[in-house]
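Below is one structure; the comments refer to it alone.
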Amino acid sequence: MGKDYFVHESAIVDGNCEIGKGTKIWHFSHIMSACIIGENCNIGQNVVVSPEVVLGNNCKVQNNVSIYTGVICEEDVFLGPSMVFTNVTNPRSGVNRRGQYTRTVVKKGASIGANATIVCGHDIGEFAFIGAGAVVTKEVPPYALVVGNPAKHLGWMSEFGHRLNFNAEGIAVCPESNEQYRLDNNIVSKTS
């Protein structure tokens with residue numbers, strides 16, 4: 001039975017991986033053992049996916065991204081060019097910390113911009129938007145827009161990737177989809 005995903009001839013896929021239908025793995029990428037990659041994912045050029053990483057359906061991983069053991073990305077996650085995750089909070093070359101990896105979860109629909117760094121143990125909420133070059137050093141709430149080093153919360157984003165402007169009643173409308181959002185006690189929820 002033939003595989004129902006694409007792997008470029010220069011890419012390496014180790015054994016014991018699960019790769020979903022319609023996924024594409026491009027030039028010089030290395031998918032290491034025991035990874036789970038969902039359906040219709042796109043893994044760009046020169047990407048490293050370390051052992052036991054999980055990528056949900058429809059994830060887009062741009063070129064030169066490193067996804068280390070301990071990372072779980074839910075569905076529809078976008079990982080921008082050259083962004084990186086860490087998995088140890090206090091690395092030392094002379095100290096072996098394998099088995100002490102810290103987990104990081106990127107929730108459904110989140111986008112992480114080019115050259116951003118996600119310090120391990122800080123989850124990214126649903127549909128959050130991490131600006132290019134940001135260094136995330138704490139949890140990011142759902143729909144939050146964070147930028148800078150260290151990353152600071154600047155506003156809120158819609159599921160379509162538009163900045164939300166809330167009125168005095170705490171209501172905002174996405175200009176592209178007309179979906180309505182509510183801000184209540186610094187928590188955003190979609191109402192329609």
Side-chain angles (χ1 to χ4, degrees), residues 1-89 91-136 140 151 159-161:
M1 178 154 119
K3 60 185 182 195
D4 50 3
Y5 56 88
F6 169 80
V7 178
H8 188 270
E9 63 186 22
S10 65
I12 297 169
V13 177
D14 292 347
N16 196 28
C17 294
E18 293 179 34
I19 300 173
K21 180 179 178 181
T23 288
K24 294 182 172 91
I25 300 168
W26 292 101
H27 308 72
F28 313 114
S29 290
H30 187 181
I31 311 302
M32 299 175 83
S33 64
C35 292
I36 299 173
I37 298 176
E39 294 183 359
N40 299 313
C41 292
N42 191 63
I43 310 296
Q45 179 176 302
N46 196 37
V47 170
V48 173
V49 181
S50 291
E52 301 175 9
V53 164
V54 176
L55 298 177
N57 295 336
N58 200 39
C59 287
K60 306 295 184 244
V61 182
Q62 301 300 299
N63 296 346
N64 307 309
V65 172
S66 297
I67 311 172
Y68 295 119
T69 301
V71 174
I72 298 169
C73 295
E74 295 182 352
E75 292 182 355
D76 302 321
V77 166
F78 176 86
L79 303 178
S82 301
M83 69 77 51
V84 68
F85 293 94
T86 70
N87 64 357
V88 174
T89 56
R92 291 286 194 201
S93 179
V95 179
N96 182 340
R97 293 209 163 87
R98 285 189 192 109
Q100 298 177 12
Y101 298 140
T102 302
R103 190 175 100 152
T104 300
V105 178
V106 181
K107 299 285 189 170
K108 176 182 172 68
S111 292
I112 301 176
N115 292 305
T117 299
I118 310 302
V119 176
C120 58
H122 301 102
D123 295 343
I124 311 299
E126 292 90 350
F127 300 101
F129 198 98
I130 312 303
V135 178
V136 173
V140 177
E159 292 182 12
F160 276 76

ring-ring contact (aromatic ring centres under 6.0 Å, His included) partners for Phe28, two or more places apart: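 With neighbours one apart ignored, the set is empty.
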Would the distance check show the side chain of [X] and the main-chain N or O of [Y] forming a donor-acceptor pair, the cut-off being under 3.5 Å?
{"X": "Thr102", "Y": "Val88", "value": "no"}
{"X": "Asn87", "Y": "Thr69", "value": "yes"}
{"X": "Thr86", "Y": "Cys120", "value": "yes"}
{"X": "Ser111", "Y": "Phe78", "value": "no"}
{"X": "Asn57", "Y": "Glu39", "value": "yes"}
{"X": "Ser29", "Y": "Gly44", "value": "yes"}

Quick one: do Thr23 and Phe6 satisfy side chain to side chain contact (heavy atoms under 4.5 Å, CB included)? Show the steps, please. CA-CA 6 Å; Thr23 288; Phe6 169 80; over 6 Å; no
Nearest heavy atoms of Val105 and Asp123, plus distance in Å: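 Scanning both residues completely, I find the closest heavy atoms to be N-OD1, 2.8 Å.
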Using a strict cut-off of less than 4.0 Å between a Lys/Arg side-chain nitrogen and an Asp/Glu carboxylate oxygen, indicate whether Glu74 and Lys107 qualify as a salt bridge.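 Between Lys107 and Glu74 there is a salt bridge, with a charged N closer than 4.0 Å to a carboxylate O.
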Do the non-hydrogen side-chain atoms of Tyr5 and Ile37 ever get within less than 4.5 Å of each other?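 Side chain of Tyr5 against side chain of Ile37, heavy atoms only: no contact under 4.5 Å found.
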Would you please say whether a donor-acceptor pair under 3.5 Å links the side chains of Asn40 and Asn58? no
Pick out which of Val7, Val48, Val61, Val13 makes a side chain to side chain contact (heavy atoms under 4.5 Å, CB included) with Ile43.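 For Ile43, the side chain to side chain contact (heavy atoms under 4.5 Å, CB included) check succeeds only for Val61.
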Only one of Val47, Val49, Asp14, Asn46 forms a side chain to side chain contact (heavy atoms under 4.5 Å, CB included) with His30, so which one is it?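 Filter result, single survivor: Asp14.
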With a cut-off of 6.0 Å (strictly less than), are more than 12 heavy atoms of other residues, nucleotides or ligands near CZ of Arg97? yes
One pair to check against salt bridge (Lys or Arg N to Asp or Glu O under 4.0 Å): Lys108 and Glu75. What are the steps and the verdict? CA-CA 5 Å; Lys108 176 182 172 68; Glu75 292 182 355; 3.6 Å; yes
